[in-house]
Amino acid sequence: MIDRNHRLALTKQAALLGLSRGSVYYDPVPVSDTDLALMRRLDELHLEFPFAGARMLRGLLAAEGSKVGRRHVTTLMRTMGIEAIYRRPNTSKPAPGHRVYPYLLRGLTIDRPNHVWATDIHLHPHGTWLVYLAAVMDWFARRILAWRLSNISISMDGKGAWRDNVFVERFWRTVKYEEVYLHAYDGVGQARQSIGRYIAF
């Protein structure tokens, strides 16, 4: 739309079109072969790990021997129009009348493994069947120490204090968006095997 031969100055043409003056004089630079190869690999990794953000993708590339910074990965992802699949933040609200227990960790410095553990259980519905995933996590190491998947019946009366299981709740969110929601399991056995592979990953 910019006419370089028009009697109206380029700056005035840009102003009328709502363009910055710099963009009128900018000549696009072709994408380098190195970046094209990186983008091709990022596309493959994004299809395999759609939950991976720039940091994780940078780590996966580094494991393959590619030296690229997180910011450059972010730029390439933006250029490609891809972003990690993740749940937006949400706060849980306690059920009215739920018993409030004392918070035993206030003021406690957790500075070593096996000092404080957290545990929680989460329901995963799949079509006409459902399973419960239980996990025990080390607070210091953020490591899953044990986990079990079962179709047992669970009874509970409401939500507790978020502080007591904040890390395990984060783990549930991660498992759902990086594993469970991406697969359609045929049954408990397949779910157990696939979730086990993910937790090991």
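What you see below is based on every heavy atom in this structure, not just the backbone, and it leaves out hydrogens, waters and symmetry mates. FYI, the numbering just counts along the sequence from 1.
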Test side-chain contact (heavy atoms from CB on, under 4.5 Å) on T174 and F51 and set out the steps.
CA-CA 9 Å; T174 304; F51 52 83; over 6 Å; no

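Note: K176 NZ to L182 CG = 13.0 Å, rounded to the nearest 0.5 Å. In this structure, CE on M56 lies 5.0 Å from CD on E178, to the nearest 0.5 angstrom. Separation of atoms CZ (F171) and CD1 (I144) is listed at 4.0 Å; rounding is to 0.5 Å. For the atom pair L38 CG and H72 NE2, the distance stands at 6.0 Å (nearest 0.5 Å). One finds the CD atom of E44 at 12.5 Å from the CG atom of L60 (value rounded to the nearest 0.5 Å).
Side-chain atoms of L61 and L42, non-hydrogen and from C-beta on, do get closer than 4.5 Å to each other. At a threshold of 4.5 Å between non-hydrogen side-chain atoms, the residues W139 and L105 count as touching.
Taking every heavy atom of both residues into account, F140 and R112 meet most closely at CB-O, 3.3 Å. Heavy-atom minimum distance, R192 versus L149: NH2-O, 2.7 Å. Looking at every heavy atom in both residues, A52 comes nearest to A84 through O-CB, 3.4 Å. When every heavy atom of W117 is checked against every heavy atom of D138, the shortest pair comes out as NE1-OD2, 3.8 Å. Across all non-hydrogen atoms, the minimal contact from E179 to S194 is OE2-OG, 2.5 Å. V175 and Y198 make their closest contact through CG2-CE2, 3.9 Å (heavy atoms, listed as atom of the first residue, atom of the second, distance).
With sequence neighbours left out, the side-chain hydrogen bond (donor to acceptor under 3.5 Å, both in side chains) criterion links Y181 to no other residue. When the side-chain hydrogen bond (donor to acceptor under 3.5 Å, both in side chains) test is applied to D43, no partner is found at least two apart in sequence or on another chain.
Heavy atoms from other residues, nucleotides or ligands lying under 6.0 Å from CD of Q193 number 12 at most.
Below 30°, between 30° and 60°, or above 60°: for F201 and F49 the angle between ring planes is below 30°, a parallel geometry.
The list of salt bridge (Lys or Arg N to Asp or Glu O under 4.0 Å) pairs with a residue in residues 45-68, not counting sequence neighbours, reads R41-E64.
Evaluated for a side chain to side chain contact (heavy atoms under 4.5 Å, CB included) with D35, the options L76, T79, V68 yield exactly one hit, L76.
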